[in-house]
Amino acid sequence: MRTGSDQSALEIVAETPHRLRIERHGRMRVPGIVFASRALLPDPAGDESLRQVANVATLPGIVRASFAMPDVHWGYGFPIGGVAGTDVDHGGVVSPGGVGFDISCGVRLLAADLDRDALAPRLGGLMDALGQAIPRGMRRGAVWTLASPGQLRDLLAGGAQYAVEAGHGVARDLLRCEDGGVVTGADPGGLSERAIERGLGQVGSLGSGNHFLEVQAVEKIYDEPAADAFGLWPGQVCVMIHCGSRGLGHQVCSDHVRLMEKAMARYGIEVPDRQLACVPAESPDGRAYFAAMAAATNYARANRQLLTEAARRAFGMCAGARLDLVYDISHNLASLEAHDVDGHRRRLCVHRKGATKALPPAHPDLPPDLIDTGQPVLIPGTMGTASYVLAGVPGNPAFDSTCHGAGRTRSRHAAARETKGRRLRDELEAHGIAVRGTSWQGLAEEAPAAYKDIDAVIDTAVGAGLCRKAARLVPLGVVKG
DNA sequence: ATGTAC
């Protein structure tokens, strides 16, 4: 198989129907493992993601394999849908490209005490209210305008916990956030002035691209005990929020890529692609990135918390309904974790870029009420298609990781060329899905036709032993960034 | 993803 413009062939072996192996060659330290059938791979004519899987396999300290999830596609340096663990006690690196520009981009699911049939007559009004209440698009305001850079620094240290303490949410919300809604080790003082400036006015905003707030309904339950523990039942109305750390996270990534491009030589590191800039995780530059990434992570968590409050107000007013947090989880992060590798316990820096952590049942990091089910995993589909709630399983080969979405097959440009925004809106409305967008082009770029089949992606993730299904959700209305 | 380009 040849990939894109690069004329050197990658040797790819199908190990199982759900798993391909890219054989080691050149400077690869480990093989590439892609959890996909050949049919699910992006078109190699416009996608270099398998070449990227092989490139990641050359990084210092990488162990086990360079992994790709079933939704893999071309990204900055690392593929989106990539997972890589490096041994930090043996020179293992951290790379901003392995996290992505939208640091701690993720998904939050809220469950209403409301059945879809009861909402039906009021859905239009609710969507209007959400359309008014949810700031979105490029530089278009936010739910919470911070008073000062000092207050932003408190938020960067405190995440969703800071937001709740300031009155934006309830204590129970934090029990249902990954990491309790706040990661430790953030150094807000280490962020550039530009990052702080960009962050001040965007707390509680969706942004654009594939970010959205969707009103959904539970269509099917696959795992009753898990659904019970997550608080989900058939016909229930839910809200899914997909967004990240906005301009602040983007600036953090840019700042540290630039620093690492210069610092790499000092550590004697060479990479096959400039976009894989990295430094040892346990170096001053590596620690600085981690501390800045943690601050951006807390920003993203607070962002989703503020949007939750805006959605709650709309639901209270228009539907007389309450929204409880099911879970909040990131799919763009690096974290320090202990894993068994070749019979030894190792401290790894696990990069997940467009990949979601999926801890198995009984994992010590789970809260007590989720210990028997495993970690809830939230997978947004595309507009007009299903979304999934999954759960972690034992024996996950990819450091307890799974997919994060449907995964693009067509570029934004190609999608916008082939689909008209207005027509897409009309089609969605004809299928009973209310649309509150911001730009016709933005809508067209997110056309479902530009993505893989979410059901096929999920079935592959399950078949590969990465997760199990808990519930399937279908869209009723979408507020588009 | 992103004040869609320093």
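Everything quoted here is computed from the prediction, not taken from an experiment.
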*Asks:* Atom CD of A:Glu445 and atom P of B:dT2: how far apart are they, to the nearest Å?
*Replies:*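 Taking atom P of B:dT2 as the reference, CD of A:Glu445 is at 12 Å.
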*Asks:* Round to a whole Å and report the spacing from OH of A:Tyr76 to P of B:dT2.
*Replies:*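 So the two atoms are 17 Å apart, to the nearest Å.
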*Asks:* Establish, from distance only, whether the side-chain atoms of A:Ser387 and A:Gln216 form a donor-acceptor pair under 3.5 Å.
*Replies:*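 Yes, A:Gln216 and A:Ser387 have a side-chain donor paired with an acceptor closer than 3.5 Å.
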*Asks:* Quick one: A:Phe101 CZ to B:dT2 P, roughly how many Å, whole number?
*Replies:*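 A:Phe101 atom CZ is separated from B:dT2 atom P by 12 Å.
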*Asks:* Pick base, sugar-phosphate or nothing for A:Gly244, based on heavy-atom distances below 4.0 Å to the nucleic acid.
*Replies:*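 The answer is nothing, as A:Gly244 stays clear of every strand by at least 4.0 Å.
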*Asks:* State whether A:Arg246 places a side-chain N or O below 4.0 Å from either non-bridging phosphate oxygen (OP1 or OP2) of B:dT2.
*Replies:*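 Yes, such a contact exists.
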*Asks:* I need the NE2-C1' distance between A:His250 and B:dT4, as an integer number of Å.
*Replies:*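 About 8 Å, once rounded to whole Å.
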*Asks:* Whole-Å distance between B:dT2 C1' and A:His211 NE2?
*Replies:*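 Going from NE2 in A:His211 over to C1' in B:dT2 covers 10 Å.
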*Asks:* Nearest-Å distance, CZ (A:Arg140) to C1' (B:dT2)?
*Replies:*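 Whole-Å distance recorded here is 15 Å.
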*Asks:* Using a cut-off of 4.0 Å on non-hydrogen atoms, how would the nucleic acid contact of A:Arg194 be classed: base, sugar-phosphate, or nothing?
*Replies:*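 It contacts base atoms.
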*Asks:* Please list every donor-acceptor pair under 3.5 Å in which a side-chain atom of residues 285-292 of chain A meets a protein atom from a residue at least two apart or in another chain.
*Replies:*
| residue | atom | partner | partner atom | Å |
| --- | --- | --- | --- | --- |
| A:Asp285 | OD2 | A:Arg266 | NH2 | 3.0 |
| A:Asp285 | OD2 | A:Tyr267 | OH | 2.7 |

*Asks:* Can you run down the side-chain hydrogen bond (donor to acceptor under 3.5 Å, both in side chains) pairs that involve residues 398-407 of chain A, sequence neighbours left out, and say none if there aren't any?
*Replies:*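 Applying side-chain hydrogen bond (donor to acceptor under 3.5 Å, both in side chains) to every pair that reaches into residues 398-407 of chain A, excluding sequence neighbours, yields A:Asp71-A:His404, A:Arg352-A:Ser401.
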*Asks:* NA contact type, A:Gln202, heavy-atom cut-off 4.0 Å: base, sugar-phosphate, or nothing?
*Replies:*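 Sugar-phosphate, backbone atoms only, no base.
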*Asks:* Between A:Ser208 and B:dT2, does any side-chain N or O lie under 4.0 Å from OP1 or OP2?
*Replies:*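 Answer is yes, contact under 4.0 Å.
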*Asks:* Side chains of A:Glu337 and A:Ser335: donor-acceptor distance under 3.5 Å anywhere?
*Replies:*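 The criterion, which ignores hydrogens and geometry beyond distance, is satisfied for A:Ser335 and A:Glu337.
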*Asks:* Can you tell me how far C1' of B:dC6 sits from CG of A:Asp255, to the nearest Å?
*Replies:*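 These atoms are roughly 13 Å apart.
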*Asks:* Please give, in whole Å, the distance from B:dT2 P to A:His256 NE2?
*Replies:*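 Nearest whole value for this atom pair: 19 Å.
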*Asks:* Select base, sugar-phosphate, or nothing to describe what A:Gly100 touches, counting heavy atoms under 4.0 Å on all strands.
*Replies:*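 Nothing, no nucleic acid heavy atom in range.
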*Asks:* Determine, step by step, whether A:Arg246 and A:Ser205 satisfy the side chain to side chain donor-acceptor pair (under 3.5 Å) criterion, reporting the C-alpha distance in whole Å, the side-chain angles of both residues, the deciding distance to 0.1 Å, and the verdict.
*Replies:* CA-CA 8 Å; A:Arg246 305 291 272 100; A:Ser205 65; 2.9 Å; yes
